[in-house]
Amino acid sequence: MSEFMKEFEVNGAVLQCYPLTAAQRIHNYSTMHCPYHQLLNIGTGFYIQIDVDFSQLKEAILESYQRFESMRLRFLKDTDDTVYQYLVPFEERDIEFRDFSDWNEEDAHEEMRRWTAVPFKRFHSPMSRIVMIKLPNGYNGIYMSVDHMTMDSSAIIAFLRDVLEIYCAKQYGRNYPKPMQSYIKALKKDLAYEAGSAAQKKDAEFWKADIEQSEPMYTDFNGMGRLITQRRENNNPDQRSAMVTSISPEASISVYQLEKEPSERLMKFCEEHRVPMVCLLLMGLRTVLSKFNDNEKDVSIKSCVARRGTLLEKYSGGTRIHFFPLRTIMEPELTFAEGLRIMQEKQNTLFRHANYDSILHTIQRGRYWKLKPGASYESISLTYQPLSLKQNTEDVPDIPYKTMWYTNGVAAQPLYLTVMHRVEDGGLNFNFEYRKDAVTDYEMEYLYYYLCRVLFRGIENCERTIGEILEMI
């Protein structure tokens, strides 16, 4: 793989450095066009209700740093402004400790939100921060902020789980976790794909045909107002795309917790009908967008694909998320079950071609349909995160846990929905990260309310037609 690797001298040592992958270039592109560099920060908290030996926890964190290569990633810029990445062989740094046990808990979480808004130095610098935390009510654990160019949500969960399992092995004599996979090995495979491989050429042909099939229709999560306004401004009543960029990227996160019992009903439906949860969620979202946009049949959602199908991909860390439009055209006479089958087929097809460069696809689609920069056909992105820190394993004690995702205060997209399983009871959390200029708290709650109505009207009788469900809600 020498054609990908370059050697640079860093602090007196010659290190092997590699280009960015397509998934990383998405984020690097964001940093070049957004003055708010905390845009790439992901803040998380993982807390257990048990007395913690913090010296033992510190050892577990440092050991996991060694096992998890992408936590030791650094970046450098060449003389031609090309960004490269490299690993430092050993992560030597102190792990901070903060005692919030006598604070109001929400004030403690607000302090950690402030930490998450502090950007990392981009070059030759650690891209993560871990703080050991004592919270009120006996909860203790870890706050972590990490740069998205080095880790995504799947990698973060895998890292925190590794720390927890190492700690339990040291503290309670539980089984030691299996070794992690090599980030560099996964990186080389991605770079080999991008270097004109047969698989890349096949994917390029697929997306070219998909783009040229017909022009999609923009459907907004707030209804038709945005598109109608822009049609008037551009004197184009047939306009099908809409500008979704913003002057202000100020953002927040709203989290809605679906109770355990209704969450289990959704999961039971998926199991009985052999439908992935992400397809049920996509079907719910596209039906809501149809409802909000005068029962539009042509609906597109940006589907975020984790690309972690193999053991190497699952356990090598890094950031692997690609995003592609998932477009469905559904007649009102179709049943909910038939719609789900169409959605599953679409999602499976997308997965088969998901290694293609997302940014390149976006550029190619924009050029073909002559879109202005910042225009899109999708108003919302969806990620379903099936992984949970709590495992059904004897290697981790059955003790109360809780997790937090902290906003960094800015967002590039109008609305990004991440659906995750709660550590505490396995119920579903709907995490809406949204730009404040694009949506209000009330509108967010309204969207969540209708999404739940669609989902439960659909699963209680999946032979109902889409038209019937649209009338019912």
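- Side chains of Asn140 and Ile50 form no contact here, defined as non-hydrogen atoms less than 4.5 Å apart.
- For Phe4 and Tyr18, the ring centers sit 6.0 Å or farther from each other.
- The distance from atom CD1 of Ile156 to atom CE of Met151, rounded to the nearest 0.5 Å, is 6.0 Å.
- Taking the six-membered ring where tryptophan is involved, the planes of Tyr256 and Phe432 are perpendicular, since the angle between them exceeds 60° and thus also 30°.
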>> Is there a side chain to side chain donor-acceptor pair (under 3.5 Å) between Gln385 and Ser154? Walk through the geometry before answering.
In response: CA-CA 7 Å; Gln385 177 55 269; Ser154 297; 3.2 Å; yes

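- Qualifying salt bridge (charged side-chain N to carboxylate O under 4.0 Å, His left out) partners for Lys58, counting only residues two or more places apart in sequence or in other chains: Asp94.
- Here the straight-line distance linking atom SG of Cys279 with atom CD of Gln344 works out to 5.0 Å at 0.5 Å rounding.
- The side-chain heavy atoms of Ile157 and Met420, taken from C-beta on, include a pair separated by under 4.5 Å.
- In terms of the side-chain contact (heavy atoms from CB on, under 4.5 Å) criterion, residue partners of Leu312 (sequence neighbours excluded) are, by chain and number, Gln181, Lys185, Ala186, Lys189, Thr310, Ser316.
- Taking 4.0 Å as the cut-off between side-chain N and carboxylate O, Asp425 and Lys260 do not count as a salt-bridged pair.
- Residues that satisfy the side-chain hydrogen bond (donor to acceptor under 3.5 Å, both in side chains) test with Glu261, not counting sequence neighbours, are Arg265.
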> Going through the distances and angles, do Gln85 and Tyr183 end up as a side chain to side chain donor-acceptor pair (under 3.5 Å)?
Replying inline: CA-CA 12 Å; Gln85 59 191 309; Tyr183 170 77; 2.6 Å; yes

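- Using a 4.5 Å cut-off on side-chain heavy atoms (C-beta onward), Thr418 and Phe430 make no contact.
- In this view, Glu110 and Arg113 satisfy the side-chain hydrogen bond (donor to acceptor under 3.5 Å, both in side chains) rule, not counting sequence neighbours.
- To the nearest 0.5 Å, atoms CG (Leu415) and CD1 (Ile301) are separated by 10.5 Å.
- In the model, Ser128 has a side-chain atom that pairs as donor or acceptor with a side-chain atom of Arg93 under 3.5 Å.
- Sorted by first then second residue, the salt bridge (Lys or Arg N to Asp or Glu O under 4.0 Å) pairs that include residues 15-29, not counting sequence neighbours, are Arg25-Glu194, Arg25-Asp357.
- Checked against the 6.0 Å centroid threshold, Tyr218 and Tyr377 do not count as a close aromatic pair.
- A salt bridge is defined here as a Lys NZ or Arg NE, NH1 or NH2 lying under 4.0 Å from an Asp or Glu carboxylate O, and Glu111 with Arg114 meets this definition.
- Residues Val131 and Trp115 are in side-chain contact: their nearest non-hydrogen atoms beyond the backbone lie under 4.5 Å apart.
- In terms of heavy-atom proximity, Cys304 sits nearest to Thr383 at CB-OG1, 3.1 Å.
- Atoms CG and CE, from Leu282 and Met277 in turn, are 11.5 Å apart once rounded to the nearest 0.5 Å.
- In this structure, Glu250 and Arg435 have side chains that are not in contact, with every pair of non-hydrogen atoms separated by 4.5 Å or more.
- The side-chain heavy atoms of Asp441 and Ser254, taken from C-beta on, include a pair separated by under 4.5 Å.
- Here the two rings, on Phe351 and Phe324, have centers that are 6.0 Å apart or farther.
- Ring geometry for Phe292 versus Tyr450: interplanar angle over 60°, hence perpendicular rather than tilted (30 to 60°).
- With sequence neighbours left out, the side-chain contact (heavy atoms from CB on, under 4.5 Å) criterion links Ser145 to Asn41, Phe120, Tyr143.
- Taking OG1 of Thr150 as the start and CE of Met127 as the end, the distance is 6.5 Å to the nearest 0.5 Å.
- Met144 places a side-chain heavy atom less than 4.5 Å from the side chain of Phe159.
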>> Before you tell me yes or no, could you show the steps for Tyr384 and His421 under ring-ring contact (aromatic ring centres under 6.0 Å, His included), namely the whole-Å CA-CA distance, both residues' side-chain angles and the distance that decides it to 0.1 Å?
In response: CA-CA 9 Å; Tyr384 169 61; His421 292 272; 5.7 Å; yes

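- By the neighbour-count criterion of 12 heavy atoms within 6.0 Å, atom CD of Glu272 is densely surrounded, having more than that number from other residues, nucleotides or ligands.
- No more than 12 heavy atoms of other residues, nucleotides or ligands sit less than 6.0 Å from atom CG of Asn11.
- Between the side chains of Tyr356 and His322, no donor-acceptor pair is found at a separation under 3.5 Å.
- Asn408 places no side-chain N or O within 3.5 Å of a backbone atom of Gly43 that could act as its donor or acceptor partner.
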> Can Ser64 and Arg67 be said to form a side chain to side chain donor-acceptor pair (under 3.5 Å), step by step?
Replying inline: CA-CA 5 Å; Ser64 197; Arg67 291 160 50 86; 5.1 Å; no

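- In this structure, the ring of Tyr47 has its center no less than 6.0 angstrom from the ring center of Tyr401.
- Here the shortest heavy-atom pairing between Ser358 and Ile26 reads CB-CD1, 4.0 Å.
- Salt-bridge formation is not detected for the pair Lys170/Asp53: no Lys NZ or Arg NE/NH1/NH2 atom is positioned less than 4.0 Å from an Asp or Glu carboxylate oxygen.
- For residues 70-81, the side-chain hydrogen bond (donor to acceptor under 3.5 Å, both in side chains) pairs, not counting sequence neighbours, are Lys6-Asp78, Arg74-Glu91, Asp80-Thr82.
- The salt bridge (Lys or Arg N to Asp or Glu O under 4.0 Å) contacts involving residues 400-420 comprise Glu105-Lys402, where partners must be two or more places apart or lie in separate chains.
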>> With side chain to side chain donor-acceptor pair (under 3.5 Å) as the criterion, how do Asp437 and Ser246 come out once you've worked through the C-alpha distance, each side chain's angles and the decisive distance to 0.1 Å?
In response: CA-CA 8 Å; Asp437 70 337; Ser246 169; 2.3 Å; yes

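- Evaluation of the side-chain hydrogen bond (donor to acceptor under 3.5 Å, both in side chains) rule for Tyr167 yields no partner, not counting sequence neighbours.
- Pairs of residues two or more places apart, or lying in two chains, that qualify as salt bridge (Lys or Arg N to Asp or Glu O under 4.0 Å) and include a residue from residues 317-326 are Asp190-Arg320, Glu313-Arg320.
- Distance check, rounded to the nearest 0.5 Å: CG of Leu76 to CZ of Phe123 gives 8.0 Å.
- Side chains of Ile61 and Met71 form no contact here, defined as non-hydrogen atoms less than 4.5 Å apart.
- Qualifying side-chain contact (heavy atoms from CB on, under 4.5 Å) partners for Gln413, counting only residues two or more places apart in sequence or in other chains: Lys302, Ser381, Tyr416.
- Here the closest non-hydrogen pair linking Leu451 and Leu281 is CD1-O, 4.4 Å.
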>> Determine whether Arg286 and Val454 satisfy the following criterion, side chain to side chain contact (heavy atoms under 4.5 Å, CB included), listing intermediate values before the conclusion.
In response: CA-CA 10 Å; Arg286 68 94 47 213; Val454 168; over 6 Å; no

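- Of all non-hydrogen atoms in Arg327 and Lys346, the two that sit nearest each other are O-CE, 3.3 Å.
- Applying the side-chain hydrogen bond (donor to acceptor under 3.5 Å, both in side chains) rule to Thr219 yields no partners; only residues at least two apart in sequence or on another chain are considered.
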